[in-house]
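Reading through the structure tokens given below for one structure.
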Amino acid sequence: MKADWRNAFAEFFYPQNACIICGQPVAKPGWCDDCRQTIFAYGNCPWGACFLPRLSRGNGLCAGCYGYGPFVRARAAAPYQGRLRQTLLAFKYRGQLGKRRPLAAIMAQCFQRHYAAISFDYILPTPLSPQRLASRGYNQSALLAKDLSHILGIPYRQDLLLRIKDTPPLAQQSAKQRQATLAGAFACPLPLAGKSLLLVDDIFTTGATARGCSAVLRRQGAQAIYVLTAAASLQTGLSGGKA
């Protein structure tokens, strides 16, 4: 679906600053103090971005993330539910591009909380296939990554990761199905020896996309890949389940 320029115009010139979680008025895009305290009370799995209970074994990983992958760590700003879920759906599928402003704001706060001590060479978005990009008219992950590049001062690169295979929507697929669907979907055309990368996406559900992207980046020599998303599922981890 093409972006609705009228919505984007209205959001840009007449922004309504409301908490992205509860909708209460706030001074700046993002979330209110009460919601921030509530979200930070969640015990993130120390590896995946999901907001699932930790196990007593496996270094405190959640049941879904019991195992390791090609990225070092994934973090999400908040659970994928309520008003945040509606905001992401409007941004991703209905062309409401003004939603990127509060989404980038909460992602920047998440970055400062978890990744501020890390030196990144580049920030890059999860790519769309040319077919999906032509249909939607924009890559929501690229818009968020560009905003974060400006906020955080990390150079933005869109040429380091390509989606070379068009895939069906993943929303109703399990983790194993997603992994099979995404096999061979990504490519990295440039050498990345020793580089530390921040991979940006909108939603972390099972981690299959993050793992697929990170695997090809590692094969090109990237030293470390960290993942940052606006939201993560409360229902699924990396091992299974549906979005």
message: Run the salt bridge (charged side-chain N to carboxylate O under 4.0 Å, His left out) test against Asp201 and tell me which residues pass, sequence neighbours left out.
response: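 Salt bridge (charged side-chain N to carboxylate O under 4.0 Å, His left out) check on Asp201 returns nothing, list empty.
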For Tyr226, ring pair (Phe, Tyr, Trp, His ring centres under 6.0 Å) partners two or more places apart: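 Expected list: Tyr115, Phe120.
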message: Applying side-chain hydrogen bond (donor to acceptor under 3.5 Å, both in side chains), can you list everything that pairs with Ser196, at least two apart in sequence or on another chain?
response: none
Sequence-distant partners of Gln223, side-chain hydrogen bond (donor to acceptor under 3.5 Å, both in side chains), two or more places apart: none
Minimum heavy-atom distance [X]-[Y], with the two atoms named:
| X | Y | result |
| --- | --- | --- |
| Cys213 | Pro127 | SG-CD, 4.3 Å |
| Ala232 | Ala76 | CB-CB, 3.5 Å |
| Cys35 | Cys19 | SG-SG, 3.7 Å |
| Pro130 | Arg163 | CD-O, 3.7 Å |
| Asp202 | Thr229 | O-CB, 3.8 Å |
| Arg73 | His114 | NH1-O, 3.6 Å |

Mind checking the [atom1]-[atom2] spacing from [X] to [Y]? Nearest 0.5 Å is all I need.
| X | Y | atom1 | atom2 | answer |
| --- | --- | --- | --- | --- |
| Ser141 | Lys92 | OG | NZ | 7.0 Å |
| Thr206 | Arg211 | OG1 | CZ | 6.5 Å |
| Leu88 | Leu103 | CG | CG | 5.0 Å |
| Phe71 | Arg218 | CZ | CZ | 11.5 Å |

- request: I would like to know whether Tyr80 and Leu89 meet side chain to side chain contact (heavy atoms under 4.5 Å, CB included); could you show each step before the answer?
  value: CA-CA 10 Å; Tyr80 183 56; Leu89 290 174; 3.4 Å; yes
task: Would you mind telling me which of Val72, Leu124, Leu198, Leu217 makes a side chain to side chain contact (heavy atoms under 4.5 Å, CB included) with Ile225?
output: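 Exactly one candidate clears the test, Leu217.
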Does [X] have any side-chain contact (heavy atoms from CB on, under 4.5 Å) partners at least two apart in sequence or in another chain, and if so, which?
| X | answer |
| --- | --- |
| Leu190 | Arg157, Asp159, Leu160 |
| Asp34 | Cys32 |
| Gln131 | Ser129, Asp166 |

In residues 145-153, what donor-acceptor pairs under 3.5 Å come from side-chain atoms, sequence neighbours left out?
residue: Asp147; atom: OD1; partner: Arg100; partner atom: NH2; Å: 2.8
residue: Asp147; atom: OD2; partner: Arg100; partner atom: NE; Å: 2.9
residue: Ser149; atom: OG; partner: Ile154; partner atom: O; Å: 2.6

- request: Check step by step if side chain to side chain contact (heavy atoms under 4.5 Å, CB included) holds for Leu161 and Leu197.
  value: CA-CA 11 Å; Leu161 188 62; Leu197 308 173; over 6 Å; no
field: Asn139 side chain vs Arg132 backbone, donor-acceptor pair below 3.5 Å
entry: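 A pair under 3.5 Å: no.
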task: Provide the full list of salt bridge (charged side-chain N to carboxylate O under 4.0 Å, His left out) pairs with a residue in residues 186-200, sequence neighbours left out, each pair given once.
output: none
- prompt: Without hydrogens or angle criteria, can the side chains of Tyr138 and Gln140 be said to hold a donor-acceptor pair below 3.5 Å?
  reply: no
task: In sequence, state the C-alpha distance, the side-chain angles, and the governing distance for Leu228 and Ile123, and then conclude on side chain to side chain contact (heavy atoms under 4.5 Å, CB included).
output: CA-CA 10 Å; Leu228 178 64; Ile123 184 169; over 6 Å; no
message: What verdict does the side chain to side chain contact (heavy atoms under 4.5 Å, CB included) test give for Leu97 and Phe91, after you've listed the backbone C-alpha separation in whole Å, the side-chain angles of each residue and the deciding distance to 0.1 Å?
response: CA-CA 6 Å; Leu97 303 188; Phe91 171 55; 4.3 Å; yes
